[in-house]
Amino acid sequence: MADSRLQLVAQRIRSFPDFPTPGVLFRDISPLLKDPNSFRAAISLLASHLKTTHGGKIDYIAGKWRVRGEGGLACGPGPRRRVADLEIQRDALEPGQKVVVVDDLLATGGTMHAACELLGQLRAEVLECLSVVELTSLKGREKLGGVPFFSLLQYE
């Protein structure tokens with residue numbers, strides 16, 4: 001990690017052993033979100049990637065940081081609240097708009113895949129999916145099919 005911004009982000013990822021089941025090491029970005037310098041570094045790194053990859057050709061950023069569909073694990077240990085399943089307003093986008101999906105973590109890829117599917121139903125063009133953390137052993141990027149994927153940090 002040559003980039004000091006990436007080091008700052010990595011230092012704020014908290015691990016919970018044996019959650020949600022024994023043997024699993026849960027990665028939590030809550031400390032990153034609470035620290036303005038780390039959060040700014042993560043946003044800067046993601047923005048730099050998007051600028052390099054897509055220039056100014058993005059119409060919409062679809063983000064789901066820390067909010068999940070029912071049963072999602074990203075909230076981490078502790079009590080939760082649920083308001084609704086994953087959804088989007090039908091008129092949120094115009095057909096053909098170029099969209100990037102951003103999430104805090106890619107695990108199995110179910111949530112990100114669902115977001116891409118919803119955006120596709122609106123006839124948006126999903127250019128890429130991004131996350132701060134990727135759990136590579138769960139092979140979530142495979143669920144995204146042909147949609148390009150980028151993550152700042154990768155953990156087994």
Side-chain angles (χ1 to χ4, degrees), residues 1-54 58 60-88 98-120 124-156:
M1 280 189 268
D3 192 318
S4 61
R5 295 174 299 170
L6 190 57
Q7 291 175 351
L8 186 59
V9 171
Q11 291 169 355
R12 294 292 183 250
I13 304 300
R14 179 170 54 180
S15 299
F16 286 98
D18 299 320
F19 181 84
T21 59
V24 173
L25 185 59
F26 182 84
R27 304 293 180 161
D28 179 25
I29 72 157
S30 294
L32 169 74
L33 299 175
K34 292 178 184 179
D35 179 61
N37 292 328
S38 300
F39 185 67
R40 192 175 302 112
I43 296 300
S44 173
L45 288 163
L46 291 172
S48 293
H49 168 78
L50 290 175
K51 186 175 182 181
T52 300
T53 307
H54 303 289
I58 299 169
Y60 193 87
I61 303 287
K64 284 200 46 4
W65 293 47
R66 307 300 297 162
V67 179
R68 289 287 181 263
E70 183 178 8
L73 293 176
C75 296
R80 304 173 188 192
R81 291 188 179 266
R82 184 174 80 86
V83 173
D85 293 326
L86 186 63
E87 55 189 18
I88 189 169
K98 298 176 183 340
V99 181
V100 171
V101 178
V102 182
D103 207 345
D104 61 327
L105 181 133
L106 179 73
T108 64
T111 301
M112 200 167 277
H113 173 75
C116 290
E117 188 175 309
L118 277 173
L119 293 164
E125 179 185 348
V126 178
L127 297 176
E128 186 172 13
C129 294
L130 309 175
S131 71
V132 175
V133 173
E134 176 185 9
L135 304 179
T136 57
S137 63
L138 298 177
K139 302 181 187 321
R141 67 172 57 215
E142 292 176 10
K143 197 171 236 176
L144 302 177
V147 177
F149 176 76
F150 173 80
S151 60
L152 293 179
L153 298 168
Q154 301 79 36
Y155 298 98
E156 186 61 28

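Any value given below was found using the heavy atoms of this structure, including those in side chains, with hydrogens, waters and symmetry copies removed.
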- Message: Using side chain to side chain contact (heavy atoms under 4.5 Å, CB included), reason through I29 and I13 one step at a time and then give a plain yes or no.
- Response: CA-CA 5 Å; I29 72 157; I13 304 300; 3.7 Å; yes
Shortest non-hydrogen contact from [X] toward [Y]:
X: V99; Y: A62; answer: CG1-CB, 4.0 Å
X: V147; Y: C129; answer: CG1-SG, 3.7 Å
X: S15; Y: L25; answer: CB-CD1, 3.6 Å
X: A41; Y: L8; answer: CB-CD2, 4.1 Å
X: C116; Y: V101; answer: SG-CG2, 4.2 Å

- Chi angles and distances behind the side chain to side chain contact (heavy atoms under 4.5 Å, CB included) call for R14, S30: CA-CA 8 Å; R14 179 170 54 180; S30 294; 3.8 Å; yes
- Item | Residue from L153, L106, L152 passing side-chain contact (heavy atoms from CB on, under 4.5 Å) with E134 |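 Single side-chain contact (heavy atoms from CB on, under 4.5 Å) partner of E134 among L153, L106, L152: L106.
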- Side-chain donor/acceptor of T52 to backbone N/O of S48, under 3.5 Å: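 Present.
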- Query: So F26 and F16, would you call those rings parallel, tilted or perpendicular, with 30° and 60° as cut-offs?
  - Reply: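 Rings of F26 and F16: tilted, as their planes differ by 30° to 60°.
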How far does [atom1] of [X] sit from [atom2] of [Y], to the nearest 0.5 angstrom?
X: L130; Y: H49; atom1: CG; atom2: NE2; result: 5.5 Å
X: N37; Y: R12; atom1: CG; atom2: CZ; result: 8.5 Å
X: H54; Y: L127; atom1: NE2; atom2: CG; result: 5.0 Å
X: M112; Y: R141; atom1: CE; atom2: CZ; result: 10.5 Å
X: L138; Y: Y155; atom1: CG; atom2: OH; result: 14.5 Å
X: Q154; Y: L135; atom1: CD; atom2: CG; result: 10.5 Å

- Between I61 and L50, is any pair of side-chain heavy atoms under 4.5 Å apart?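 When only atoms from C-beta onward are counted, L50 and I61 do touch, with a gap below 4.5 Å.
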- Query: Excluding sequence neighbours, so at least two apart, what forms side chain to side chain donor-acceptor pair (under 3.5 Å) with E142?
  - Reply: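 With neighbours one apart ignored, the set is empty.
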- Check side chain to side chain donor-acceptor pair (under 3.5 Å) between D18 and all other residues, then give those that pass, not counting sequence neighbours.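 D18: no side chain to side chain donor-acceptor pair (under 3.5 Å) contacts found.
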- Message: side chain to side chain contact (heavy atoms under 4.5 Å, CB included), that's the test. Do I58 and E128 meet it? Break it down for me.
- Response: CA-CA 10 Å; I58 299 169; E128 186 172 13; over 6 Å; no
- Task: List the steps, then state whether side chain to side chain contact (heavy atoms under 4.5 Å, CB included) holds for L105 with S131.
- Result: CA-CA 5 Å; L105 181 133; S131 71; 5.7 Å; no
